[in-house]
Each structure stands twice: as structure tokens, then as C-alpha cells.
Amino acid sequence: MIRDARVLHPEFVPGDVVHRQHEINTLTAALEPLTNRNIAEPVFLYGPSGTGKTCIARHTVEKLRETVFDLEYQYVNCWEDYTRFKTLYRILDGLDKGFDIHRQSTPRDVLLDRLRDYDGPPYVVILDEVDQLEDKRILYELYRTSGLALMLVANDETSVFADLNARLSSRFQTSERIHFNRYALAELVEILEDRAKWGLEPEAVSTSQLETIADVAAGDARVAIGILRNAAKKASQQGLKEITDVVIQESVPEAKSEIRQQNLDKLTDEQQVVFDIIAEAGEIAPSHLYEEYQDRVDDPKTDRTVRNYLEKMERYNLIRAEGENRGRTYRIVS
DNA sequence: CCTCCACTGGAAGATCGGGAAG
DNA sequence: CTTCCCGATCTTCCAGTGGAGG
């Protein structure tokens, strides 16, 4: 059933990308100055999730590395490394310069100083989910660091620039921006066919089944590949030679809840309590939510802290806040 | 129209926990 | 051991928002 499970993993970057040739060309052109060791302006990739932004960014840089003699690159997921410190640490780590930096007792701006001392080959930094950075000023600092080529990846362009100061914002506005649209059904099917070709045994899945998956995924390649992976895993556990329609039907909700469970696991116990209250109530007003939280926890945190929890859960797409001010209610994402 | 008030979210400072230095 | 320093987390304070109800 499964020939190469790596191909079905969400982070897998194919050597040949089936679509997005135009985007790749634009991106390659934007990075072109690096081949002469010149400065490349930041590039900004934006579009909905699962439209290939991250994949194209990594793919393009890796292709460039094949032709350019010297080029370093590092991928940073700002969702995980959302603080200034973590982001800088990750970037230094890509240069193997982070090994002796510990969270504690490192003088305050050693990280940025060390990055600015870097004088090796051009260094491409991909900042994925860049809108999740808690302090966007780090972008300004990175922008002013010579030798760095920035690739910013986000869902929505406005959310990134909203809290940048005007001067920096205008610098980024003039840089190359590449918009990614949702995949059409046929494109998604081709992507799935490609993954199935390398990842699965021949005949393991039919084209019409891939169409079913692509249809459910609604233009989101990450969801589509997740469903295919889940279905392949399930079929192989059942000892099947081919993926059946029943297996696909079962895999759709499972693939979606898998992502959700991963996010739930990232919450602390206290945050889980808040989530459970919302889940049980279905929909709940802020004051009721906080009262309920105080009842359930021995040593309750302040309401402001709970609001920070809620903000975090909203970021993880676990809950949704609806309405503003007095009309605000919270509900879980179904 | 105005005032009240539930709620939001930014800012600044306090506290926690842990590694390093003495 | 204690002291110092750090980032992360939490608290305190507060300005702003907009709907409810005089």
C-alpha cells in the first residue's frame, strides 16, 4: 500500500512542483540578485492556507541552492517561534551559531549582534506564519541586517503590516508580493496524483477517489494530502491492497480532527479547562465563562490572563470569538 | 442626545523558574 | 550554597469601543 510515507507528510517538499510555475518564476527572479552576492529585497507570499506558499518558498530556495555555489537558508515557523528571542534563536541555529546560547543568562542583545556579525554566504530566511509574531519589530531588525534575504509568508497581507510602523511598512509594500489563490479542483487532483504516484503502490487509489478527496478539501492542498495520508494509513492497517470508498469517508473527519488534537495538546491544563467550559456550553458569554473558570480551578488566574488564553486558542483555530464588546460570545470551532 | 457598563486588548511592571557565576 | 540575569508568564492599570437604557 504505502511505498514512501514521507511523500504524504505535510512538510514534504517535492523536487518537482506540479503547479505554481508562475509563482516560482517570480520568486526565483526576486532572489536572483543573490546569485551575484547582491542584496535581495524581501519577498512577501500571501494567500489562504494550503495553497502552496510554504512549499513553493522551500522548493524555490532548494532549487536555487543547486545552482548557486554558496547559499544558506533557514525555515522559521513563527507560529512555534513566535517571540523575538525564539525567532532569532532559530535563525542563528540555521547557521550553527546558536549552539552555545541558552535561554538564560545570555546578555540581552547578543543574538541580534551575532547575526549582524555574520559575513558568510547569502542567507535566505523564510518566516512562515509571520503574522503570528507577537512583536513585529523583529522584522525591522532583520530587514536592517545585511546579508539576509527575507521571505515572509502569511495568510493575509494586512494583518502583517497592521502594526508595523509606517516607514517599515512602506519598505515592505514596495517589495515583491506574490499572491497564492486556492487550487482549482483539477489542480488539486493532479497534486494528489503526483503524491500517490511516489508515495503509494500503483492502483492503490483511483482518480475518482482522488477527485472525491480534492472536492472535500475545497482548494486546500494540506487538507487534501492529510486525508490521503490518513486513508492510506488506515487501509494499510486493515491489510487492504486498495483504498476503498468507505476508508476515504472515514478519513475525512479523522484527518481534520487530527490537526485539532495536535493543537489541543499544546494547551496547558488551565487552558484546557477554559476550552472545556466553552465546549460544554456550546456558546458562552465572557463573564459567565470567567465565573465558571473560577469555580473549577483552585487558584484562578486573573480575567486578563484568561483573555490571553482565549487569544491563544483563537490563534490555534480551536475557538471562535463572535461579536464585539457586549455582544461577544465564544464557541468552539466545529 | 448622554451616561453607564461589559468587554477588549495594549502597556508596563511583578513574579516565576532555571542556568551560570561566584 | 547564594546571587544575578534571562525569557516567559501573569497581574495591574487603563483607554477605547459600542450597545442598552435613560
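So that the names make sense, note that chain A is the first sequence line, chain B the second, and so on, each numbered from 1.
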Quiz item: Does a distance-only test, which skips hydrogens and angles, find a donor-acceptor pair under 3.5 Å between the side chain of A:Arg326 and the base of B:dC5?
Solution: yes
Quiz item: Do A:Arg84 side-chain and C:dG7 base share a donor-acceptor contact under 3.5 Å?
Solution: no
Quick check for you: among [options], whose closest atom lies nearest to any side-chain atom of [X]?
{"X": "A:Tyr330", "options": "B:dT8, C:dT11, C:dA8", "result": "B:dT8"}
{"X": "A:Phe85", "options": "C:dG16, C:dT11, C:dA8", "result": "C:dA8"}
{"X": "A:Asn325", "options": "C:dA8, B:dG10, C:dG16", "result": "C:dG16"}

Exercise. Looking only at non-hydrogen atoms, find the nearest pair between A:Ala30 and A:Ala40 and report the distance.
Key: O-CB, 3.8 Å
Across the strands shown, which category fits [X] at heavy-atom distances under 4.0 angstrom: base, sugar-phosphate, nothing?
{"X": "A:Tyr82", "value": "sugar-phosphate"}
{"X": "A:Ser287", "value": "sugar-phosphate"}
{"X": "A:Arg328", "value": "sugar-phosphate"}

Practice problem: Return the 5'-most residue of the pair A:Ala285, A:Arg304 with respect to DNA chain B, ranking by each residue's nearest nucleotide. | Solution: A:Ala285
Does [N] have its OP1 or OP2 closer than 4.0 Å to a side-chain nitrogen or oxygen of [X]?
{"X": "A:Tyr290", "N": "B:dA6", "value": "no"}
{"X": "A:Thr83", "N": "C:dA8", "value": "yes"}
{"X": "A:Thr305", "N": "C:dC10", "value": "no"}

Quiz item: Distance from A:Gln209 atom CD to A:Ile248 atom CD1, nearest 0.5 Å?
Solution: 4.0 Å
Taking [atom1] from [X] and [atom2] from [N], how many angstroms apart are they, rounded to a whole number?
{"X": "A:Asp303", "N": "C:dC13", "atom1": "CG", "atom2": "C1'", "answer": "12 Å"}
{"X": "A:Asp299", "N": "B:dC16", "atom1": "CG", "atom2": "P", "answer": "11 Å"}
{"X": "A:Lys312", "N": "C:dA8", "atom1": "NZ", "atom2": "P", "answer": "13 Å"}
{"X": "A:Glu324", "N": "C:dA20", "atom1": "CD", "atom2": "C1'", "answer": "17 Å"}
{"X": "A:Asp269", "N": "C:dT9", "atom1": "CG", "atom2": "P", "answer": "14 Å"}
{"X": "A:Leu111", "N": "C:dC6", "atom1": "CG", "atom2": "C1'", "answer": "11 Å"}
{"X": "A:Leu289", "N": "B:dC7", "atom1": "CG", "atom2": "P", "answer": "10 Å"}
{"X": "A:Asn308", "N": "C:dT12", "atom1": "CG", "atom2": "C1'", "answer": "13 Å"}

Practice problem: Establish, yes or no, whether a centroid distance under 6.0 Å links the rings of A:Phe44 and A:Tyr46. | Solution: yes
Quiz item: Can the positive tip of A:Arg315 be found less than 6.0 Å from the middle of the six-membered ring of A:Tyr82, inside 45° of the ring normal?
Solution: yes
Practice problem: Determine the interplanar angle of the A:Trp79 and A:Tyr316 rings, folded into 0 to 90°, and report it as parallel if under 30°, tilted if 30 to 60°, perpendicular if over 60°. | Solution: parallel
